[in-house]
There are 2 protein chains.
Amino acid sequence: MSESKHWTLKSIAKQLGVSNATVSNAFNRPDQLSEKRRTEILAACKELGYFGPNKAAQSLRRGKFDTVALVLSDSIEYMVSDPVASRFMKGVAAVFEQHKINLLLFSGSADSVNSINDFVDGFICYGRPRNRLLAEQLKKIRKKVVTVDFNIHRSASVSIDNKAGAYEVAKLAIKSPNDHVAILGLRLLDTHLTCRVYDIHSMEIDTSVAHQRLQGYLDAISDTGVKLGDDRIWNIPESNSDFASIAAKEALNSVPRPNVFLCMSDLIALSLMREAIQQGIRIPEDIRVVGFDGIDEAARMLPALTTVYQHSEQKGRKAAEMFIADAHHAELLGYELSIGGSC
Amino acid sequence: MSESKHWTLKSIAKQLGVSNATVSNAFNRPDQLSEKRRTEILAACKELGYFGPNKAAQSLRRGKFDTVALVLSDSIEYMVSDPVASRFMKGVAAVFEQHKINLLLFSGSADSVNSINDFVDGFICYGRPRNRLLAEQLKKIRKKVVTVDFNIHRSASVSIDNKAGAYEVAKLAIKSPNDHVAILGLRLLDTHLTCRVYDIHSMEIDTSVAHQRLQGYLDAISDTGVKLGDDRIWNIPESNSDFASIAAKEALNSVPRPNVFLCMSDLIALSLMREAIQQGIRIPEDIRVVGFDGIDEAARMLPALTTVYQHSEQKGRKAAEMFIADAHHAELLGYELSIGGSC
DNA sequence: CTGTTAGCGCTTTCAC
DNA sequence: GTGAAAGCGCTAACAG
């Protein structure tokens, strides 16, 4: 096997003594030439080391790329280690792999989709991109867009009823009007800081997941007759244990110590539980904790975390399927309460 | 703001009354025209809604894509939820994001890289692809390739000394020549089954991670004077708890029950520990367990798992940096013993 | 069924 | 400084 030359459609056609179109047809349109001729040509190409039309040129010509960008809400770096995002990606990947569609990962903190827009057939956006410019740009994109956990005018979307889920799980945690409730919120504020949220009304009322969940909690609080102090809401910038444990410590040491903790993600809830256990605080005797998401580790915790299980993988599959089907509606997926010993 | 037309370099040049080259230069080669002219043109383009040269066409022309394929050892679906792979991806993503290089995920169980070869500047391969055809193809690729945890003749590579790590951790676990040792191996056999490995010599001796680790274990076993029964090695096809718990049950119930378990991944070790705890077997009194990888959950387990911590994220960064630098050497990264209460 | 040809949208010599 | 023109490698319409 000699150093094979760099073949192009043109050069291979000349070599075989046929026209370009014939070679192109042999690869792309079986019906345009005799079966015999086709297999002959394909065999000859393989023999010579030509593995088919250059995909980049083909795509440029056709305007089709068989590649979809998965726009994450945050940097790839961060998202890839988030268990909920991972499961979502798993679902997307499973469907796309089957359809031979390539997956391009794209950061939600990038300034613009320009650098990839010309390479992809469209976008699946997992969560509102942290960078607002990106979010704005997405609205104007002339390609297929499926959004997940947020909405853009007219594009297809998939999400769950966060408000209802939050409401239900909060109702489970709050047992009496005298409970002291704390809310450990995720990305309530557009900041990278762990801090308290003193003025709810200063937050933008948008369609983001965080605000939907918050609304659910607040409704439950109000319905149970609990009074929520104005320093009982924390903002955690990212769902990871470093940020979460800071808020957890602060909340556990605040006076009076809350006995009910509504956490906007399981990772946050687990951090809180670990911190509490370390301080000798008993769960659920001294404090009750609920989370959101339903990650594996939550079920393995002792006591198991009571949480809202969302079908992240199915969400991913759904998003991918909607992309492929060029759907334009909004899909609302179900969730399940997963009841553990934490409340 | 009216429905902006679909501009191309050509059409925008005509509109502005300048030549194509001038517009192209304005975007790509600032030195080829006066600063004044350049900013004028750029401003005009922005005004009209032309955001720069089409990337697909640009790439076709230049033969450069600013995109790298990350070829995983298994399906994307599976890899994305593996904590070790995730951390690796995190490292890769961090470096590439900084260099504005896009990341295309590619499945190691695909038949060929043909579908993406023409879209990328090269490949980073995380682990030997499960599909042998793919692995073969990679060897012949005419583009940059960096391999991780395995080698291909002449390409750059990064890995750790698996054999040494396995040896050290096994030495920690084995306390006496009378210990009964079991090995829970990961991907020792090319099968999707959880089963025992009766004939070590039937396995291919290759450079794969699994075999290096096995060699380390066997050396430690031999050095400590332990006798390893010929039915004491299990093969687990994937590092996930479903497969692992099957092997764990089998091993725990085998007679005589082993008191030392050498596990080729933390996920396997944790499954084993959970199974043992459930059966009322005490760790480390009744059995001793060691893992490999150093995932977060291992440190949080009670007792904490003794394991070989590898710097997966750094591995990812290193691989990305080597790709960018077009390195051609083999890099060996360090590891650390992480000592917990499991042995 | 086969061959010619005009682009897809761009970059880059090369002459002006 | 600028503009004309030749491709990058391919597809699809059209004529034969």
Side-chain angles (χ1 to χ4, degrees), chain A residues 5-42 44-45 48-67 114-121 142-143, chain B residues 5-42 44-45 48-67 114-121 142-143:
Chain A
K5 120 167 211 188
H6 180 67
W7 293 106
T8 68
L9 185 81
K10 224 171 180 170
S11 71
I12 200 96
K14 180 175 276 180
Q15 171 75 25
L16 299 182
V18 299
S19 86
N20 309 348
T22 306
V23 178
S24 174
N25 285 332
F27 279 98
N28 305 313
R29 310 201 294 188
D31 51 313
Q32 297 295 297
L33 72 178
S34 69
E35 184 54 33
K36 179 162 167 291
R37 196 121 183 63
R38 179 162 179 265
T39 40
E40 268 172 30
I41 291 178
L42 258 30
C45 286
L48 290 169
Y50 177 71
F51 301 110
N54 179 294
K55 300 291 176 185
Q58 195 171 51
S59 289
L60 175 62
R61 183 59 230 251
R62 288 182 167 157
K64 183 123 196 324
F65 298 86
D66 295 328
T67 298
N114 272 348
S115 68
I116 53 159
N117 191 20
D118 298 329
F119 282 120
V120 301
D121 295 327
R142 265 186 258 266
K143 301 193 169 186
Chain B
K5 125 169 206 184
H6 179 67
W7 294 106
T8 69
L9 184 80
K10 222 171 182 172
S11 71
I12 200 100
K14 179 175 275 179
Q15 171 76 24
L16 300 182
V18 298
S19 88
N20 310 348
T22 307
V23 178
S24 174
N25 285 332
F27 279 99
N28 304 314
R29 312 201 295 187
D31 51 312
Q32 297 294 300
L33 73 177
S34 70
E35 183 55 32
K36 180 162 166 291
R37 196 122 183 62
R38 179 161 179 269
T39 41
E40 270 172 27
I41 291 178
L42 256 32
C45 286
L48 291 169
Y50 177 70
F51 302 110
N54 179 294
K55 301 291 176 185
Q58 196 171 50
S59 289
L60 175 62
R61 185 56 230 252
R62 289 181 167 159
K64 182 123 194 330
F65 299 86
D66 295 328
T67 298
N114 272 348
S115 68
I116 54 161
N117 191 22
D118 297 329
F119 282 120
V120 300
D121 296 327
R142 266 186 258 265
K143 301 195 171 186

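Note that the structure is a prediction, hence the values are computed from the model and not measured. All values below were derived from every heavy atom in this structure, side-chain atoms included, with hydrogens, water molecules and symmetry-related copies excluded. Throughout, a chain's letter reflects where its sequence line sits, starting with A, and its residues are numbered from 1.
- Atom NZ of B/Lys143 has more than 12 neighbouring heavy atoms from other residues, nucleotides or ligands inside a 6.0 Å radius.
- Considering only heavy atoms from C-beta on, B/Lys55 stays 4.5 Å or farther from A/Ile116 through its side chain.
- Taking all atoms of both residues into account, the shortest heavy-atom contact from B/Ile12 to B/Leu48 is CD1-CD1, 3.8 Å.
- Of all non-hydrogen atoms in B/Val23 and B/Leu9, the two that sit nearest each other are CG1-CD1, 3.3 Å.
- Comparing the axis of the opening five pairs of the helix from C/dC1-D/dG16 to C/dC16-D/dG1 with that of the closing five pairs yields an angle of 40°, rounded to 10°.
- Minimum heavy-atom separation, B/Asp118 to A/Asn54: OD2-CA, 3.2 Å.
- With distances taken from any side-chain atom of A/Leu33 to the nucleotides D/dT2, C/dC1, D/dG1, the minimum falls on C/dC1.
- Between the CD atom of A/Glu35 and the P atom of C/dT2 there is a distance of 12 Å, rounded to whole Å.
- Considering only heavy atoms from C-beta on, B/Phe65 stays 4.5 Å or farther from B/Val120 through its side chain.
- For the pair B/Arg37 and B/Val18, the minimum side-chain heavy-atom distance is below 4.5 Å.
- Considering only heavy atoms from C-beta on, B/Gln15 stays 4.5 Å or farther from B/Tyr50 through its side chain.
- Remark: P of C/dC10 and CZ of B/Phe27 are 10 Å apart, rounded to the nearest angstrom.
- Spacing between atom CG of A/Asp31 and atom P of C/dT2 amounts to 12 Å, rounded to whole angstrom units.
- Whole-Å rounding puts the A/Gln32 CD to C/dG3 P distance at 14 Å.
- Phosphate contact (OP1/OP2 of C/dC8, side-chain N/O of A/Ser59, threshold under 4.0 Å): absent.
- Residue A/Arg38 places none of its side-chain N or O atoms closer than 4.0 Å to OP1 or OP2 of C/dC1.
- Looking only at side-chain heavy atoms (C-beta outward), A/Leu16 and A/Thr22 stay at 4.5 Å or farther from each other.
- Distance, A/Phe119 CZ to C/dG9 P: 14 Å, rounded to whole Å.
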Protein within reach of the bases, or only the backbone? For nucleotides 7-16 of chain D, mark each nucleotide 5' to 3' as B, S or -, using heavy atoms under 4.0 Å. BBBBBB----
